[in-house]
Amino acid sequence: MDKRRRKFWGWGVEEADLTPEEQKRWVKRMESQFDLSGLELTPPPKLEEIELPQPRITPPDTLSDLCSSAPYDRAGHTYGKGFPDVVRAYERDFSVAPDLVAFPGTEQDIVNLLDWCSSAGVAAIPYGGGSSVVKGTEPDVGEGFKGTLSIDMKNIDKVLEIDETSRAAHMQAGIYGPALEGALKPHGLTLRHFPQSFEFSTLGGWIATRSGGHYATLYTHIDEFVESLRVITPSGTVGTLRLPGSGAGPSPDRFFIGSEGAMGIITSAWMRVQDRPTFRANAALTFPDFLVASEAVRAVSQAGLYPANIRILDAGEAYFNGVAEGDEAVMVLGFESADHPLDAWVSRALECCRDHGGTLEGEGGDSKTESRHRQGMAGAWRDSFIRMPYVWEALVAMGMITETFETAITWERFPEFHETVIGEMTEVMEEVCGGGFISCRFTYAYPDGPVPYYSITAPGKKGSQLEMGGEIKKAISELFLRLGGTITHHHGVGRYHHEWYKKQRPDGFGKVLEEAKRVLDPAGIMNPGVLIDPQR
Ligand SMILES: Cc1cc2nc3c(=O)[nH]c(=O)nc-3n(C[C@H](O)[C@H](O)[C@H](O)COP(=O)(O)OP(=O)(O)OC[C@H]3O[C@@H](n4cnc5c(N)ncnc54)[C@H](O)[C@@H]3O)c2cc1C
């Protein structure tokens with residue numbers, strides 16, 4: 001992991017940001033796109049400007065060495081990295097800061113911390129990399145608690161064992177993406193789970209949120225890579241068996257995968273790893289229209305080809321990301337293997353795409369058998385993907401509303417779903433902001449449906465961004481549910497989607513979750529308000 005100090009208020013490390021030239025370019029772009037003038041970036045917050053509430057709790061002597069009330073730690077564990085988080089950080093509002101931050105180094109430390117929290121009525125909030133965009137780590141737990149303790153897993157971060165025979169690795173939950181891949185690399189292995197937040201997120205966070213990674217098809221979520229888990233709950237430790245598969249009743253692993261810190265703290269997992277790919281084939285294509293491109297994605301998904309990457313960007317998304325001129329949809333397609341050449345797969349996928357109006361970038365050249373993921377449109381998309389978190393923050397600093405919303409829907413409903421979302425959200429942005437821009441890409445695709453990911457940029461007003469963004473968020477969440485989509489495909493539920501998640505899940509299932517929590521967490525201290533209403 002990058003050892004430079006992380007920003008306490010936003011994405012990345014303190015030194016990293018857009019250059020002044022990049023900032024100017026984005027100001028000009030927003031001004032011309034929305035007919036604005038005089039946009040200025042609010043400077044990022046400084047620690048000395050932040051007024052934190054006094055800590056309400058003191059840890060027992062036996063735990064004091066693990067706990068910090070330092071302003072940097074408390075401010076840094078207040079927010080995740082979503083739009084409302086960055087807005088509040090720029091407004092210098094850290095009023096929901098945790099009272100304390102704990103840095104356990106062992107499982108026993110976690111047991112002791114949870115024992116204290118249970119007996120003292122302190123809410124315990126597991127914290128991985130803090131990259132949640134759904135308020136998953138925010139200590140906003142409502143009434144009924146004596147205080148809040150953010151439990152940062154960063155010191156529980158070792159690779160404990162690698163089993164090259166079964167190709168699995170036992171890793172602790174606090175390990176960050178780069179360190180995890182760094183430890184596997186000398187063995188020729190990889191987890192190949194690369195969410196956009198890879199650099200600043202952890203294995204435990206990925207499992208707790210069912211994060212979506214590198215693979216656009218087949219292994220979309222982290223779930224398939226989890227072989228077994230160890231979880232410390234306030235009622236005791238749960239360890240599941242290492243097995244390649246099991247049909248023995250409902251899966252205990254699956255119960256904790258996606259539990260978002262509401263049932264306990266994941267401390268380690270055996271993860272299925274793979275040989276590093278040696279064969280790669282990439283291509284980029286253009287399509288006259290997004291819905292036409294979506295038909296190509298459906299054809300490839302249903303042909304059983306399972307590309308590692310098949311992302312399509314609508315014309316607006318392609319333009320916004322500097323991938324194309326804004327009059328065509330773009331597809332980035334990629335196959336990889338550690339075992340065999342990919343020509344047959346690529347040829348068949350390109351055939352499906354051409355059948356649906358796709359034109360290969362650099363048609364005529366032999367682009368398909370070499371790795372071109374750092375060149376052309378694919379390379380432009382990759383660069384933009386990495387840079388985008390800094391752009392989002394700069395847009396917030398200008399007073400814009402900028403958010404992303406992801407969902408999933410079956411193919412037969414997708415065209416109407418998409419047209420309705422674009423149409424209604426354009427109207428909503430007009431009402432709330434006087435205008436706005438919505439674009440879409442597919443982040444994942446299944447044989448039975450895609451994962452549309454909508455990006456919204458609209459002119460906001462400093463001081464009112466939260467309310468304006470809140471209206472837009474509410475409108476799109478209601479729309480997703482009304483049209484039969486899910487409130488989230490891979491970002492998790494957190495506190496941000498909780499209201500809609502409760503409407504989406506079957507009632508009976510909600511009750512089962514509540515009962516399970518009562519058994520595992522009798523004092524109701526684990527991440528209150530996430531997945532289950534606070535029970536105190
Ligand atoms: C720029 C950006 C890009 C992103 N891209 C993606 C993406 O491509 N795919 C994707 O799926 N998500 C993405 N996200 C969302 C986020 O990165 C994921 O949800 C990620 O899995 C969170 O990991 P984390 O370690 O940062 O967890 P945190 O944000 O610290 O925590 C997330 C949730 O998990 C719980 N938790 C954390 N660690 C543990 C643990 N050890 N045990 C129990 N509970 C725990 C927390 O309490 C919280 O509820 C992105 C976010 C940002 C800011």
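These values consider heavy atoms only, across backbone and side chains, with no hydrogens, waters or symmetry-generated copies. Whatever order the structure lists ligands and atoms in, that order sets their numbers, starting from 1. These numbers come from a predicted model, not from an experiment.
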Which of these, [options], has its nearest heavy atom closest to [atom]?
atom: atom 32 (C) of ligand 1; options: I175, L203, D152, T209; value: T209
atom: atom 7 (C) of ligand 1; options: S268, P195, S150; value: P195
atom: atom 50 (C) of ligand 1; options: G10, G261, S197, G212; value: S197
atom: atom 43 (C) of ligand 1; options: G82, G264, G204; value: G264

Is the shortest N/O to N/O distance between [X] and ligand 1 below 3.5 Å?
X: H490; answer: yes
X: T202; answer: yes
X: Q196; answer: yes

Those atoms of ligand 1 less than 4.0 Å from some heavy atom in [X]:
X: S132; value: 29 (O)
X: T137; value: 28 (P), 29 (O), 30 (O), 31 (O), 46 (C), 48 (C)
X: K81; value: 53 (C)
X: P389; value: 1 (C)
X: A173; value: 41 (N)

Part of [X] with heavy atoms under 4.0 Å of ligand 1, whether side chain, backbone, both or neither:
X: I266; value: both
X: A208; value: side chain
X: S131; value: both

With a cut-off of 3.5 Å and sequence neighbours excluded, list every side-chain donor-acceptor pair involving residues 387-400.
unit_1: R387; atom_1: NE; unit_2: E22; atom_2: OE2; d: 3.1
unit_1: R387; atom_1: NH2; unit_2: D17; atom_2: O; d: 3.2
unit_1: R387; atom_1: NH2; unit_2: E22; atom_2: OE1; d: 3.0
unit_1: E393; atom_1: OE1; unit_2: K7; atom_2: NZ; d: 3.3
unit_1: E393; atom_1: OE2; unit_2: W11; atom_2: N; d: 2.5

Ring-face cation of R56 near F145 (centre distance under 6.0 Å, axis angle within 45°)
no
Taking atom types as modelled and ignoring hydrogens, do the side chains of T190 and E181 form a donor-acceptor contact shorter than 3.5 angstrom?
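E181 and T190 do have a side-chain donor-acceptor pair below 3.5 Å.
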